[in-house]
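Notes for the one structure printed next.
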Amino acid sequence: MDQYITEAQWQHFDNEGYVRIGQVANDQMLATIQQRMDDIMLGKAPLDYNKIMMQLDREPGTDKPGPQSNGHKGATLLYRKIQMLEYDPVFLSYMKNPVFQEVCTRIYGLGTPITCLRAMFMNKPAHEGTRLTWHQDRWTDLDIDPQITIYTALDPATIENGCIHIVPRSHNKLINPSNGSGFLTQEQIDELLAECQPMPVELEAGEVVLLHNWTLHSSSTNQTDIPRRAFSICYMDGATKSNRGTKFPLIFGENSLSVEQLEDKV
Ligand SMILES: O=C(O)CCC(=O)C(=O)O
């Protein structure tokens with residue numbers, strides 16, 4: 001079988017905690033998911049919005065992000081975060097790309113059923129957006145730590161429009177093992193920034209980067225006229241259980257969620 005990701009790229013991932021793998025979707029698929037994202041925000045996509053978590057970049061009348069709750073919050077491109085996109089047939093179809101299956105096989109082993117912890121849109125609208133402070137992606141309710149996030153830029157991501165910054169090689173150690181959210185304290189951030197130079201991950205629209213979930217990352221606000229949209233998928237070993245009883249949809253493996261199944265429901 002042809003391998004999309006080279007051994008040299010995997011070595012880079014293992015050593016540095018991230019690797020760029022280029023554009024995975026073809027241009028047509030990329031245009032489709034870019035358009036679909038805007039259609040979802042504008043309330044034009046034929047899907048069950050009650051299944052999807054949608055958070056506004058700002059709660060009207062405040063300078064704070066809105067609540068994270070299911071359902072559409074109005075026809076606007078000013079959303080910050082949208083989750084459970086695995087229940088949208090267009091995004092599910094992208095998530096099922098064979099390249100992403102190859103990534104999961106390398107990380108979790110051949111034949112391991114793969115679920116998704118989250119399929120998430122992260123947006124920094126033009127001249128808006130919220131600062132996300134340094135953190136590792138870690139969830140203490142899970143009995144197996146997920147190891148891989150596949151991050152796709154839907155617009156060019158630059159320092160000016162709030163691209164993510166990472167600390168290469170930080171994936172080897174959990175900073176706060178018992179902290180459910182993985183966020184660092186201000187003291188830890190000061191220590192970190194005194195010791196190392198974080199790296200901006202500037203990306204072309206469509207470009208994909210693999211991130212180890214423990215790689216420290218943060219992002220800033222958008223100072224430009226161009227939105228900074230991104231789609232981030234965390235894939236897990238299908239055996240992973242949450243002590244909150246959450247059920248995770250199967251993306252690769254027998255009886256996995258299918259695009260046709262979702263389309264039938266619309
Ligand atoms: O896109 C961003 O600004 C941050 C995304 C993030 O924290 C993640 O994908 O885990």
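Every number for a ligand or one of its atoms is a count from 1 in the order of the listing. Everything quoted here is computed from the prediction, not taken from an experiment.
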Between R228 and ligand 1, which residue portion shows a heavy-atom distance shorter than 4.0 Å: side chain, backbone, both, or neither?
side chain
Please work out which of H135, R118, R229, M122 has its closest non-hydrogen atom nearest to atom 5 (C) of ligand 1.
M122
Minimum-distance protein heavy atom relative to atom 4 (C) of ligand 1
L132 CD2, 3.5 Å
Should you measure from each heavy atom of I164, which atoms of ligand 1 turn up under 4.0 Å away?
1 (O), 2 (C), 3 (O), 4 (C)
Should the ring pair F252 and Y235 be called parallel, tilted or perpendicular, given that the plane angle runs from 0 to 90° and is split at 30 and 60?
parallel
Looking at ligand 1, does any of its N/O atoms fall within less than 3.5 Å of an N/O of Y151?
yes
Numbered in order shown, the ligand 1 atoms found under 4.0 Å of a heavy atom of S232 are 8 (C), 9 (O)
Specify side chain, backbone, both or neither for A230, according to which of its non-hydrogen atoms lie closer than 4.0 Å to ligand 1.
neither
Does any N or O in the side chain of N161 come within less than 3.5 Å of the main-chain N or O of P156, such that one atom is a donor and the other an acceptor?
yes
Atoms in ligand 1 with a heavy atom of K124 nearer than 4.0 Å
3 (O)
Per-atom contacts of ligand 1 with M120, taking only distances under 4.0 Å to non-hydrogen atoms:
8 (C), 9 (O)
Enumerate the atoms of ligand 1 whose separation from the nearest heavy atom of D137 is less than 4.0 angstrom.
8 (C), 10 (O)
Do the side-chain N and O atoms of D237 and T112 include a donor-acceptor pair separated by under 3.5 angstrom?
no
Salt bridge check, D14 against R169: does any charged N sit closer than 4.0 Å to a carboxylate O?
no
Looking only at side chains, do Q223 and T221 share a donor and an acceptor under 3.5 Å apart?
yes
Around atom 7 (O) of ligand 1, find the nearest protein heavy atom and jot down its residue, atom name and distance.
H217 NE2, 3.1 Å
Parallel, tilted or perpendicular: which describes the rings of F183 and H135, with under 30° parallel and over 60° perpendicular?
parallel
Nearest non-hydrogen protein atom, atom 3 (O) of ligand 1:
S219 OG, 2.7 Å
Sidechain N-carboxylate O distance under 4.0 Å for K96, E86
no
Hydrogens and angles aside, do D141 and S242 bring a side-chain donor and acceptor to less than 3.5 Å of each other?
yes
